[in-house]
Amino acid sequence: MTYIAKPKFHHPSLPKNALGYTHRDYEGKISTLCAGCGHDSITASVIEACFELAIEPHRVAKISGIGCSSKTPDYFLNASHGFNSVHGRMPSVLTGANLANRDLIYLGVSGDGDTASIGFGQFAHAMRRGVNMVYIVENNGVYGLTKGQFSATADRGSKSKRGVINADNSIDVVAMALQLGATFVARSFSGDKEQLVPLIRAAIEHQGAALIDVISPCVAFNNHAGSTKSFDYVREHNEAVNRLDFITSRAPITVAYEAGSVEVVEQHDGSKLVLKKVSADYDAHDRIGAMTFLQQHAAKGQIVTGLLYVDSEPEDLHTHFNTVATPLNAMSEKELSPGSAALDKINASLR
Ligand SMILES: Cc1ncc(C[n+]2csc(CCOP(=O)(O)OP(=O)(O)O)c2C)c(N)n1
Ligand code: SF4
Ligand SMILES: [Mg+2]
């Protein structure tokens with residue numbers, strides 16, 4: 001099942017934004033992800049942020065790679081431009097689109113596998129080059145779509161659903177983005193809409209490379225080992241009459257906690273995440289301070305969430321390239337290809 005049409009009608013009293021649009025105008029198709037998947041909560045936050053900002057959907061380009069996470073652009077902003085690219089290649093496809101039309105808002109959606117494994121090089125270069133985009137990593141620590149292998153963001157020592165212990169060190173995409181020069185770096189949790197929606201809004205408004213790492217529990221491959229309703233149990237006790245997998249539906253995990261406080265979040269498999277929300281007096285304009293803060297809390301087993309770093313005067317790739325203000329796709333053929341006389345002049349100036 002890849003497509004289910006949504007009914008177009010809605011209640012006449014639905015709230016409207018400054019453009020007169022309702023939330024329905026920012027939705028997409030009905031999600032085919034597992035019930036309770038953290039990625040669906042992120043979709044809801046993207047819809048909310050675009051509604052609140054009263055964005056014209058046709059001004060957005062949503063580009064993704066491959067994975068459950070990369071499927072999500074199909075579930076929001078139906079009327080936007082969209083391109084579901086190749087595994088790990090979202091950043092380069094997005095960079096090309098951005099160079100051709102700088103007037104769109106670019107939403108890059110990726111997973112931890114898509115970003116920290118096959119797409120690690122592409123992620124790094126998009127960040128260091130300052131591509132003007134919102135780069136969302138829907139981070140569940142596994143390759144959800146291909147049945148739960150460890151991704152490069154899985155903690156060392158964590159246990160897979162098959163009981164295998166991860167012996168490799170993990171990659172922290174937030175630490176990487178800070179080191180690579182991203183001008184907006186944040187982390188959140190899929191179930192913390194109160195924190196995530198404002199972060200997405202701010203990232204959309206930021207004119208540079210904005211990275212949001214969103215921890216997003218996978219209910220299928222992070223489920224409770226001892227439960228008779230768990231993925232493992234049902235598979236083992238189910239007479240195989242076909243080769244379909246059975247996924248138990250779970251309630252999405254939600255959290256609400258104050259700035260400056262620490263929240264312990266229990267995931268579906270019983271494992272615990274210790275989230276530390278930055279306090280109101282945290283200085284988000286100090287890159288080195290953010291790196292130190294991140295590492296100090298990681299050493300205590302705490303995952304820092306919130307806006308960790310922002311450069312209030314960011315430069316983007318177009319500034320680095322000194323491109324014209326008019327989007328290339330809006331220029332005439334004569335402007336784009338001024339002829340041999342112009343080329344001769346340039347060549348002469350270089351001799
Ligand atoms: C070139 C290539 N290699 C491998 C795959 C198989 N593959 C599909 S999705 C995926 C991993 C997805 O993991 P992640 O990005 O974390 O997304 P999730 O499903 O967890 O949201 C892999 C390895 C592929 N589609 N293309
Ligand atoms: S396999 Fe995991 S990541 Fe994929 S849809 Fe199901 S819960 Fe979400
Ligand atoms: Mg993943």
Side-chain angles (χ1 to χ4, degrees), residues 1-2 4 28-46 62-76 83-94 108-123 126 135-155 158 160-162 166 168 170-174 176 187 189-191 211-224 227 229-232 234-235 244-254 267-269 271 273:
M1 181 165 52
T2 53
I4 310 170
K29 293 169 193 161
I30 289 174
S31 171
T32 56
L33 302 186
C34 306
C37 175
H39 299 350
D40 278 335
S41 307
I42 301 172
T43 292
S45 288
V46 171
K62 42 180 191 166
I63 300 176
S64 60
I66 299 288
C68 299
S69 34
S70 291
K71 286 169 71 177
T72 62
D74 214 21
Y75 313 141
F76 59 78
F83 195 85
N84 189 198
S85 71
V86 180
H87 198 25
R89 270 56 161 197
M90 174 276 283
S92 55
V93 173
L94 189 148
V109 179
S110 182
D112 42 318
D114 199 64
T115 286
S117 294
I118 194 169
F120 200 41
Q122 298 233 341
F123 158 72
Y135 192 133
I136 298 178
V137 182
E138 304 194 347
N139 188 352
N140 53 18
V142 292
Y143 295 173
L145 191 69
T146 53
K147 305 277 179 271
Q149 301 86 349
F150 287 125
S151 80
T153 67
D155 287 331
S158 58
S160 80
K161 73 182 183 74
R162 297 199 183 283
N166 181 26
D168 298 332
S170 67
I171 292 173
D172 183 342
V173 291
V174 164
M176 292 308 307
R187 176 151 50 212
F189 183 72
S190 57
L211 182 275
I212 311 179
D213 178 36
V214 191
I215 298 161
S216 176
C218 167
V219 299
F221 300 104
N222 248 341
N223 59 358
H224 195 290
S227 165
K229 290 188 175 51
S230 73
F231 181 85
D232 296 17
V234 175
R235 266 244 294 228
L244 295 175
D245 280 336
F246 180 88
I247 312 275
T248 54
S249 64
R250 300 298 186 93
I253 303 167
T254 57
Q267 300 196 87
H268 296 96
D269 63 353
S271 64
L273 294 171

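By convention here, the first residue in the shown sequence is residue 1. As the structure lists them, so they are numbered: ligands from 1, and atoms in each ligand from 1. A quick note: this is a predicted structure, and the numbers were derived from the prediction, not measured. What's counted below: heavy atoms across the whole structure, side chains too, no hydrogens, waters or symmetry copies.
- In the vicinity of Asn140, heavy-atom distances shorter than 4.0 Å reach the ligand 2 atoms 3 (S).
- Every atom of ligand 2 is numbered from 1 in the order shown, and the set under 4.0 Å from a heavy atom of Ala220 is 1 (S), 7 (S).
- Contact record, Cys34 with Val219: CB-CG2, 3.8 Å, taken as the closest heavy-atom pair.
- Metal site remark for atom 6 (Fe) of ligand 2: Cys68 contributes no N, O or S atom at a distance under 2.8 Å.
- Across all their heavy atoms, Leu145 and Lys71 have their closest contact at CD1-CD, 4.4 Å.
- The shortest distance between side-chain heavy atoms of His39 and Asn140 falls below 4.5 Å.
- Within the 4.5 Å cutoff, side-chain heavy atoms of Asn84 are placed close to those of Ser70.
- Close approach to Cys37 involves these atoms of ligand 2, each under 4.0 Å from a residue heavy atom: 3 (S), 5 (S), 7 (S), 8 (Fe).
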Need the list: ligand 1 N/O atoms against protein N/O atoms, distance under 3.5 Å, rounded to one decimal.
residue	atom	partner	partner atom	Å
ligand 1	15 (O)	Gly113	N	3.3
ligand 1	15 (O)	Asp114	N	2.7
ligand 1	16 (O)	Asp112	N	3.4
ligand 1	16 (O)	Asp112	OD1	2.8
ligand 1	16 (O)	Gly113	N	2.8
ligand 1	16 (O)	Val142	O	3.1
ligand 1	17 (O)	Ser69	OG	3.1
ligand 1	19 (O)	Cys68	N	2.8
ligand 1	19 (O)	Gly144	N	3.3
ligand 1	19 (O)	Leu145	N	2.9
ligand 1	20 (O)	Asn140	OD1	3.2
ligand 1	20 (O)	Asn140	ND2	3.1
ligand 1	20 (O)	Val142	O	2.9
ligand 1	20 (O)	Gly144	N	2.8
ligand 1	21 (O)	His39	NE2	2.9
ligand 1	21 (O)	Ser69	N	2.9
ligand 1	21 (O)	Ser69	OG	2.7

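- Using a 4.0 Å cut-off to heavy atoms of Leu33, the atoms of ligand 2 that qualify are 5 (S).
- The side-chain heavy atoms of Val173 and Asp112, taken from C-beta on, include no pair separated by under 4.5 Å.
- Put simply, the side chain of Leu211 reaches to within 4.5 Å of the side chain of Phe123, judged on heavy atoms.
- Between the side chains of Glu138 and Ser216, not a single donor N or O lies within less than 3.5 Å of an accepting N or O.
- The two residues Ser190 and Ser41 come nearest to each other via the heavy atoms O-CB, 3.4 Å.
- When all heavy atoms of Gly144 and Phe221 are compared, the pair lying nearest together is O-CE1, 3.4 Å.
- Residues Tyr75 and Thr32 are in side-chain contact: their nearest non-hydrogen atoms beyond the backbone lie under 4.5 Å apart.
- In this structure, the side chains of Lys62 and Val109 stay at 4.5 Å or more apart for every pair of heavy atoms.
- Close approach to Val219 involves these atoms of ligand 2, each under 4.0 Å from a residue heavy atom: 7 (S).
- Contact atoms of ligand 2 toward Cys218: 1 (S), 2 (Fe), 3 (S), 7 (S) (distance under 4.0 Å to a heavy atom of the residue).
- Counting heavy atoms from C-beta on, the side chains of Thr115 and Thr153 never come closer than 4.5 Å.
- Each of His87, Arg89, Met90 was scored for a side-chain contact (heavy atoms from CB on, under 4.5 Å) with Ser110, with one residue passing: Met90.
- For the Mg ion (ligand 3), protein N, O or S atoms closer than 2.8 Å were enumerated as Asp112 OD1, Asn140 OD1, Val142 O, with waters left out.
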